[in-house]
> 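Questions regarding the structure given below will be posed in turn.
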Amino acid sequence: MRRTGYSIKSLVSPNIRNLKAYSAKEIPCKVKLDANESPYSAFSVQRSAFSVEKIFQTLNRYPDSEAKALKKIISKNLRLTPENILFGNGSDELIYYLITVFGGPVLYPVPTFSMYGIISQALGEKRIEVPLDDEFDLDTDRILPLIKKEKPGIIFLSSPNNPTGNCFSADRILKIVESTSLVVIDEAYQPFSSEKGFLPMLNDYKNLVILRTLSKIGFAGLRVGFMIADREIINEVNKVRLPFNINSLSQAAAAALLQNTHTIKLHMGLITSERERLLNELWKLRGIKPYPSEANFILFKVKNSDKIYCRLLKKGVLVRNMRGTVNECLRVTVGTKKENNIFIKALKEVMK
Ligand SMILES: *Cc1c(COP(=O)(O)O)cnc(C)c1O
């Protein structure tokens, strides 16, 4: 085909044509509090548990397609059976697979994690977005009739919810799980929550899927997420999974790092106690309305949020501007004590 008078766009599926690529561009800053990552990277593992040299020697071979060693460690840590676990290259990939397998309509509350909507669009599935109520809880009065009417193939509930930070009330979640749709509870932030989560409910509900990830507990760079569900669901999703989706380096590193449960727990404790301190500090500031959080970030309302966002960045502090998702709101990730102090100091200055 000649280059002139010819447009690739016309070959692209209509649902992709209007999609924008997810922008995760790096914004230079001194204190990075925009992506809900863990601030802790220095991590020790036993020498015997991980040797780069040894892994390099096996890189001519494909990785273990089922990541068996890693599966064993996670199933032991969470007291699950390995057959109920499936890995994704981040939980994002599993969201892709789940929507591919179960199809639309795809129902989720808003505001929530953007990938549910983006991936539904990419796959050409109908989206049903139901606003959360005034307390950022599930509006079951609207959701339950919609489930009856629209019969969604899949429902996504992020609890704790990103970007609002709260857990949805358990009784409302259960009312939705009682439906016949596939219900995915995305527990990316469960390690920071005071609530017990829904792993114990897996025995009672066949249509329930729990999503977890290593991204928020210190290992975002590894790209390892996993789902826990009934064997039958795992088998169906496994049909569309790309055979070697978790690379050898990630498998080995995750397996070694997750042995160090003591350090991970320590970091989770530091983050949740810093979260409470940060929340207190934010409460004290005039013109700021922080929302309570069960996650590793805090959403707060502030007038002229665009301006405040830019002024913070000028001082080297990067937070997430929620414009277009939750108006007049910024989302700040809980960092180290030092980072949080820099953030608070900068916020006080830019509020003047
Ligand atoms: C960050 C996040 C994820 C994690 O995605 P990964 O692909 O595992 O990094 C999943 N769900 C929610 C709600 C998130 O905020």
Side-chain angles (χ1 to χ4, degrees), residues 21-24 32-39 41 67 70 74 78 85-100 106-120 122 129 132 136 138 154-168 173 183-193 195 197-199 209-229 237 241-242 245-247 250-251 253-254 257-258 264 268 271 275 291 293-299 319-320 322 325-326 329-334:
Y22 186 89
S23 153
K32 188 175 183 308
L33 301 175
D34 68 322
N36 300 345
E37 297 144 328
S38 167
S41 61
L70 183 57
I74 287 175
L78 294 176
I85 297 175
L86 194 71
F87 287 109
N89 199 287
S91 38
D92 287 355
E93 189 183 47
L94 292 170
I95 296 167
Y96 218 113
Y97 291 163
L98 283 161
I99 299 174
T100 304
V106 181
L107 187 148
Y108 48 89
V110 282
T112 192
F113 188 46
S114 61
M115 292 315 293
Y116 312 141
I118 293 169
I119 295 171
S120 301
E129 304 186 334
L132 292 169
F136 291 148
L138 296 166
I154 189 163
I155 298 169
F156 284 97
L157 306 173
S158 162
S159 187
N161 187 40
N162 178 7
T164 57
N166 59 307
C167 287
F168 300 138
I173 291 181
V183 180
V184 181
I185 304 181
D186 185 341
E187 294 192 337
Y189 300 99
Q190 181 57 33
F192 308 98
S193 171
E195 301 204 11
F198 281 79
L199 282 179
V209 175
I210 310 279
L211 273 184
R212 291 284 186 98
T213 177
L214 304 192
S215 296
K216 311 295 150 73
I217 63 169
F219 316 114
L222 290 180
R223 309 305 299 129
V224 176
F226 55 100
M227 56 178 268
I228 309 120
V237 177
R241 182 177 66 89
L242 299 176
N245 59 334
I246 315 293
N247 70 69
S250 286
Q251 287 189 34
L257 290 160
L258 288 179
I264 295 173
M268 297 299 106
I271 291 166
R275 177 188 70 206
Y291 295 96
S293 170
E294 297 281 341
N296 67 341
F297 57 83
I298 295 171
L299 183 76
V319 298
R320 181 65 64 94
M322 300 314 297
T325 317
V326 210
C329 277
L330 302 177
R331 190 194 70 191
V332 61
T333 305
V334 180

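Order of listing sets the numbers, starting from 1, for every ligand and every atom in it. Numbering starts at 1 and runs along the sequence shown.
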> Could you tell me if any non-hydrogen atom of Asn36 lies under 4.0 Å from any atom of ligand 1?
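Flag not set, Asn36 not near ligand 1.
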
> Kindly compute the distance separating CG (Leu299) from CZ (Arg320), expressed to the nearest 0.5 Å.
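Here the rounded value is 12.0 Å.
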
> State the CD1-OG distance between Ile185 and Ser158, to the nearest 0.5 angstrom.
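Ile185 CD1 to Ser158 OG: 10.5 Å, rounded to 0.5 Å.
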
> Rounded at 0.5 Å granularity, tell me how far CZ in Phe136 sits from SG in Cys167.
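Spacing of CZ (Phe136) from SG (Cys167) equals 14.0 Å.
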
> Find all atoms of ligand 1 within a distance of less than 4.0 Å from any non-hydrogen atom belonging to Gly90, and give their numbers and elements.
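That gives atoms 6 (P), 7 (O), 8 (O) of ligand 1.
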
> Are the aromatic ring centres of Tyr108 and Phe113 under 6.0 angstrom apart?
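Between Phe113 and Tyr108, which both carry aromatic rings, the centre distance is not below 6.0 Å.
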
> Thinking salt bridges, do Asp34 and Arg331 make one under a 4.0 Å N-O criterion?
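Looking at Asp34 and Arg331, the cut-off is not met.
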
> Looking only at protein heavy atoms, which one is nearest to atom 15 (O) of ligand 1, and how far off is it?
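Going by distance alone, atom 15 (O) of ligand 1 is nearest to Tyr189 OH, 2.7 Å.
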
> With backbone taken as N, CA, C and O and side chain as the heavy atoms from C-beta onward, which portion of Lys216 lies under 4.0 Å from ligand 1: side chain, backbone, both, or neither?
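Lys216 to ligand 1: side-chain contact only, backbone stays beyond 4.0 Å.
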
> Less than 4.0 angstrom from a charged side-chain N to a carboxylate O is my criterion; do Lys32 and Glu37 meet it?
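A salt bridge links Lys32 with Glu37.
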
> Tell me which protein heavy atom sits closest to atom 9 (O) of ligand 1, plus the residue, atom name and distance to 0.1 Å.
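It is Ser215 OG, 2.6 Å.
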
> Is there side-chain contact between Glu294 and Phe192, with heavy atoms separated by less than 4.5 Å?
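No, too far: nothing below the 4.5 Å cut-off.
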
> Is there any N or O on Tyr116 that sits under 3.5 Å from an N or O of ligand 1?
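In this structure, Tyr116 places no N or O atom under 3.5 Å from an N or O of ligand 1.
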
> To check your reading of the model: name the closest protein heavy atom to atom 12 (C) of ligand 1, its residue, and the distance in Å.
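Nearest neighbour among protein heavy atoms for atom 12 (C) of ligand 1, to 0.1 Å: Asp186 OD2, 3.4 Å.
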
> Distance under 4.0 Å to a non-hydrogen atom of Arg223: what atoms of ligand 1 satisfy this?
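Answer, ordered by atom number: 6 (P), 7 (O), 9 (O).
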
> Counting heavy atoms only, which part of Ser91 comes closer than 4.0 Å to ligand 1: side chain, backbone, both or neither?
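For Ser91, backbone and side-chain atoms both sit under 4.0 Å from ligand 1.
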
> What are the atoms of ligand 1, with element, lying closer than 4.0 Å to any heavy atom of Ala188?
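Selected atoms, number and element: 10 (C), 11 (N), 12 (C), 14 (C).
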
> Test your reading of the structure: does Ser158 have an N or O sitting under 3.5 Å from an N or O of ligand 1?
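N/O-N/O distance below 3.5 Å does not exist for this pair.
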
> Kindly compute the distance separating CG (Leu78) from CD1 (Ile228), expressed to the nearest 0.5 Å.
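Spacing of CG (Leu78) from CD1 (Ile228) equals 6.5 Å.
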
